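Per chain, numbering begins at 1; letters A, B, ... match sequence-line order. In this text the structure is predicted, and so the values were computed from the model without any measurement.
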2 protein chains.
Amino acid sequence: MNDNIQSRQLLSELEGEVIALFVRMADVLNLPRSVGEIYGILFISSHPLCLDDCRIRLNISKGSTSQGLKILRSFGAIRTVYIPGDRKDYYVAESSLRKIASGFASEQIQPHVASGHERLERIRDLLDQHDDEQKKELSEKIDLLENWQRRAGKTLPLILKLIGSGRDG
Amino acid sequence: MNDNIQSRQLLSELEGEVIALFVRMADVLNLPRSVGEIYGILFISSHPLCLDDCRIRLNISKGSTSQGLKILRSFGAIRTVYIPGDRKDYYVAESSLRKIASGFASEQIQPHVASGHERLERIRDLLDQHDDEQKKELSEKIDLLENWQRRAGKTLPLILKLIGSGRDG
DNA sequence: CGATGTGTTCAGTAAATTTTGAACATTATG
DNA sequence: CATAATGTTCAAAATTTACTGAACACATCG
């Protein structure tokens, strides 16, 4: 399951499998694999970990680890824990799916939706300048796109409501 | 807006913008950009196009075009049109968001969900073999994962219902 | 049958993305 | 203040992914 002796020493088979699960999730969500690994090691850990803990157990570089933690912080998938008398930052995995999903939606998806909206306005403007025999037909296609956009926009918040309706948020 | 003289001759500014919109959508859905381009040119075209029509207007290779059309067919984003007296296959963009979304869900998302489910079962088995002092704590984490999986599984069909509820399906 | 039209496959190449690691910034410690 | 501890940044390297184009398969045509 693990690829080499070194990782066998650092991660149990169980930990490896859980991390692999999050690596695949990261892949679906279009995030670097290291982000999945880091979330995974934090999720399965019984106590908060610092950058170096993650780096060493996952056998990845400092740069990747720093970058990965930054991404996970950016949409609230992990929380910082203060440990008295220690200069390092410690992290735990956020375990509320609702919080993670809504952070992900607003940080990683909403910008795409917004820029799609802008582009659609630009397209509508371009069409209004046109004056050819296809104008009516094109206009109907753009109506369709605007319709899709509206439905996608309404669906996103509903997804979050549904995901957030579990027993533990 | 278009990158070079060649594409200016082949695509109007309006077409270019519409295609760019679908290229970005493809990016969000983790599909190759060429898939977005091909869907875009079919979407905006007033009549069915064959492989070579797409290839020439988009200035991409035969291989990419063939592959892209195959992917779009695989989840029902395009339909084939029979044109009497012509040996070539012609295509039109499917315009029902409901159909596209449900095809995408069952072909591109469901397999991930299923393999995630399998892996989670394997993880549960591994844990059952364990017998250490952390077992209870780990078991609770796996409960949480199973809970997430259940909620994600229930949410997917609801998304499709919501997306399918527009005026034109 | 050979020639032509159409579409697929896949090995090699190109492009995009991710990771690394060393240099740097910043803050704490003695 | 010098040194050490911690974390960030970013150019270069490694890896992954997508694209190309030539070879191929298959059908149709003359």
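B:Ser66 places no side-chain N or O within 3.5 Å of a backbone atom of B:Lys62 that could act as its donor or acceptor partner. A:Ser139 contributes no side-chain N or O that, together with a main-chain N or O of A:Lys136, makes up a donor-acceptor pair within less than 3.5 Å. Remark: the backbone N or O of A:Phe43 is paired with a side-chain donor or acceptor of B:Lys141 at under 3.5 angstrom. Looking only at distances, no side-chain donor or acceptor of B:Tyr91 sits under 3.5 Å from a matching main-chain atom of B:Leu51.
Atom P of nucleotide C:dG7 and atom CG of B:Asp53 are separated by 10 Å, given to the nearest angstrom. For B:Ile71 and C:dT9, the CD1 to P distance is 12 Å, given to the nearest whole Å. The interatomic distance linking A:Arg55 (CZ) with D:dA5 (C1') rounds to 13 Å, in whole Å. At whole-Å resolution of the value, NZ in A:Lys70 and C1' in C:dT19 are 16 Å apart. Rounded to whole Å, the distance from CD1 on A:Ile38 to C1' on C:dT18 is 12 Å. Residue B:Gln67 contributes atom CD, which lies 9 Å from atom C1' of C:dT9 at whole-angstrom precision.
Enclosure of atom NE2 in B:His117 is not indicated, since only 12 or fewer non-hydrogen atoms of other residues, nucleotides or ligands lie within 6.0 angstrom. In B:Lys154, the NZ atom is not crowded: 12 or fewer heavy atoms of neighbouring residues, nucleotides or ligands sit closer than 6.0 Å. For NZ of B:Lys135, the number of neighbouring non-hydrogen atoms (other residues, nucleotides, ligands) closer than 6.0 Å is greater than 12.
Taking a cutoff of 4.0 Å between a charged side-chain nitrogen and a carboxylate oxygen, A:Arg24 and A:Asp27 do not qualify as a salt bridge.
In the region residues 72-91 of chain B, proximity to DNA chain C at under 4.0 angstrom, judged on heavy atoms, holds for B:Arg73, B:Arg87, B:Lys88, B:Asp89.
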Polar atom pairs between nucleotides 17-24 of chain D and protein, under 3.5 Å, N or O only, would you list them?
residue: D:dC19; atom: OP1; partner: B:Ser34; partner atom: N; Å: 3.4
residue: D:dC19; atom: OP2; partner: B:Ser34; partner atom: OG; Å: 2.9
residue: D:dT20; atom: OP2; partner: B:Ser61; partner atom: N; Å: 2.8
residue: D:dT20; atom: OP2; partner: B:Ser61; partner atom: OG; Å: 3.0
residue: D:dT20; atom: OP2; partner: B:Ser64; partner atom: OG; Å: 3.3

